[in-house]
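Everything below concerns the one structure shown next.
Every number for a ligand or one of its atoms is a count from 1 in the order of the listing. As the structure is a computational prediction, the values presented were derived from the model and not from experiment.
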Amino acid sequence: MEDWFDVAGKLDALVTKAAQEAKLDLEQFAADVRPADPRFGDFQANGALPYAKRNRENPRGIAESILAVLTSNEQVASRFELSIAGPGFINFKMKPEFTLEWLKAFSSENSLNQSASHLMEGKTIVVDYGSPNTAKQMHVGHIRSLVIGEAICRLLEFCGAKVIRDNHLGDWGTAYGKLFYAYKRFLDEEALAKDPLGELERLYRVGNEIAEKDEEALQECRDELVNLQNGEAKNVELWKLVNEYSIKGLKEVYELLDVEFDHYLGESFYRDKVDQVYEELLETRIAEESQGALVVFHPEHKRYKKQPFIIRKSDGASNYASTDLATMLYRLEHFKADGIVIVTDDRQKDHFEQLELTTKKWFEKTGRETPKFDHVMFGKITDDQGKTIKSRSGDPIRLIDLLEESIQRSYAIVSEKNPDLPENELQAIAKTVGISSVKYADLTPNRTSDYVFSWEKLLSLDGNTAPYLLYAATRIQSIFRKLEPGILEKIELEANAFETSEEQALARKIIEFVGSIQTTIDTLRPHTLCSYLYELSGAFSSFYNANHVIVDQPDIRARRLLLCRQTLIILKMSLGLLGIQTLERM
Ligand code: ARG
């Protein structure tokens, strides 16, 4: 049964084999198996059409020749009813015995976990996410990289990859001059201990304000920066201290969001690694000098043949491109990365396109492997006018404030619904609901589009929201709580094949889980999994409303309980992969 874990994948292989036996040219044929319109079947293979078009043949004839081979294949014929629809789609309808067999084989979290862990076995992926600039508060926009990045890490791990979580801090900026100037004069120690990021940001603002008005102070700020860059002991010490405080402040938010990094290798870490980049790129003639700067043109590219990638500034200083190139090399050599994923907003699109093009040429010319590279980019969070959301004072909203507001709002809703729950439980539930709702709202829209932030929407119990899914999970749990002891242990033995259309539809949705994980991983777009979960909950509701679960006949009850349990396992597991905790009750 193990090789049927990914039904679509397995069918894809079988259809391809059948096409070969039917003497089709495999160079031109792709089986293209995907979930089907339920009216026609559970899966469909669409490959006959483009093949026929390319070869000026009759698509139905092509589909029939493949079907003839498939029908005589016991592996397929015993599990599916086959048919051809429309101009030449091959439809596969799972026989109820097969559906049941699948559900029994992958009925535990363990068995699902184990089967999924082969999908990316042996791969090491470095995921660079979070990655804010230091000595500053995180604001609302920062949540996207964290939440999307963490979901991607968990999904990759679920598929068996070894994931290295690296927080590539922007910790070597020009802001340090003004910050140090103010730090040395106006530090509020108490505030620094209590709210490190808040105090560091305040100090920077103070430094900035003074420097704007006072020429002498501005010069002192510049000197502070130069001293730091020249490695003057006192300022390097202070820089380290500021970073420690920054990371401390960041970690408070990370803890709330349940995110933990393996490394904090920020831009500063690569300072002494950029010279090798310049040398190698010059030697391989990938880079050239232009007006004192070191630049890379990509003549084969529409835009980057004119717009160069500046990898060293004309004053000789390194920049974002230099440190990122060094970072690519370090991740390949030190972490042995097969893949590198960097999660940032879409304004950095050009930078990462140029980084990818440059790295590819550089690694090829120097005989290195080139890791697979993905820039996972995302759009803005806006208000209903399409503008970046701001607090009432007009400043960006601090991330921590947003999370706390969400917890408070959830508390109001949860305590009104459950006036009898003890206070500590109410608070725990409100925390989970509050954090989950903000996270889930960030994951449901396709990441490359902007989305409109709305408290009403994200805390609603209707629609594709965290509260809706968390509630769906608690509802199934309450079915199990009411069962007589011993019943759940026997369901796999007692269950008989599915009969009603709702049972069959839910079973099929459950089996689609595998495909939905695949697509999510292939595209690194967590919203695919969110949409799947919403559909799964919908299929569950339809089933639950139309079919009584606790009936007297043990075989019917068992198969329905099997569906309930499987839905719950997948809901819980998938929400976990999205970084969302489920609740026993809410
Ligand atoms: N610090 C950058 C920012 O705040 C993001 C860094 C992303 N990672 C990287 N390797 N460039 O926008």
Side-chain angles (χ1 to χ4, degrees), residues 125-150 152-153 163-176 179 197 200-201 204 239 242-243 246-247 249-250 253-254 257 259 261-271 273-274 277 296 309-313 318-335 337 339-360 362-363 370-381 388 396 398-399 447-448 524:
I125 316 286
V126 175
V127 184
D128 167 336
Y129 67 113
S131 311
N133 298 334
T134 46
K136 263 196 209 140
Q137 295 282 350
M138 282 193 284
H139 55 77
V140 176
H142 285 105
I143 197 176
R144 303 220 69 189
S145 175
L146 276 169
V147 169
I148 296 170
E150 179 63 24
I152 285 174
C153 290
V163 171
I164 296 169
R165 291 164 162 83
D166 188 12
N167 194 339
H168 191 86
L169 297 173
D171 57 358
W172 197 245
T174 47
Y176 283 97
L179 174 63
L197 295 178
L200 291 172
E201 186 167 317
Y204 170 75
W239 171 79
V242 162
N243 271 341
S246 287
I247 293 178
L250 292 173
V253 185
Y254 295 162
L257 290 170
V259 170
F261 289 96
D262 302 310
H263 301 279
Y264 284 80
L265 300 177
E267 287 171 25
S268 67
F269 178 77
Y270 296 97
R271 266 176 297 155
K273 299 180 177 53
V274 293
V277 176
V296 178
F309 194 39
I310 303 173
I311 68 166
R312 188 180 62 202
K313 296 194 281 191
S318 65
N319 65 3
Y320 195 47
S322 358
T323 48
D324 260 347
L325 284 164
T327 305
M328 293 297 256
L329 182 59
Y330 188 79
R331 287 175 178 164
L332 173 73
E333 293 194 328
H334 183 82
F335 291 127
I340 295 172
V341 175
I342 300 185
V343 190
T344 78
D345 65 64
D346 51 16
R347 288 170 304 180
Q348 300 194 32
K349 182 166 182 271
D350 286 8
H351 168 77
F352 286 113
E353 277 177 5
Q354 288 172 302
L355 179 67
E356 182 177 15
L357 286 169
T358 309
T359 305
K360 195 157 176 267
W362 172 28
F363 285 3
T370 307
K372 181 171 184 302
F373 177 76
D374 285 286
H375 176 215
V376 168
M377 58 181 168
F378 51 80
K380 291 190 291 292
I381 308 179
T388 317
R398 300 190 331 160
L399 180 50
R447 61 174 163 77
T448 36
L524 299 176

Heavy-atom side-chain proximity of Val277 to Ser322 below 4.5 angstrom: no
Results of ring pair (Phe, Tyr, Trp, His ring centres under 6.0 Å) for Phe363 - residues two or more places apart only: none
Side chain to side chain donor-acceptor pair (under 3.5 Å) involving Trp239 - partner list, sequence neighbours excluded: none
Residue contacts for ligand 1, heavy atom to ligand atom, distance under 4.0 Å: Asp128, Ser131, Asn133, His168, Tyr320, Asp324, Ile342, Thr344, Gln348, Phe352
Short side-chain donor-acceptor distance under 3.5 Å, Tyr176 and Asn243: yes
Side chain to side chain donor-acceptor pair (under 3.5 Å) partners for Glu150, two or more places apart: Tyr129, Arg154, Arg165
Pi-cation contact, Phe352 with Lys349 (under 6.0 Å, within 45°): no
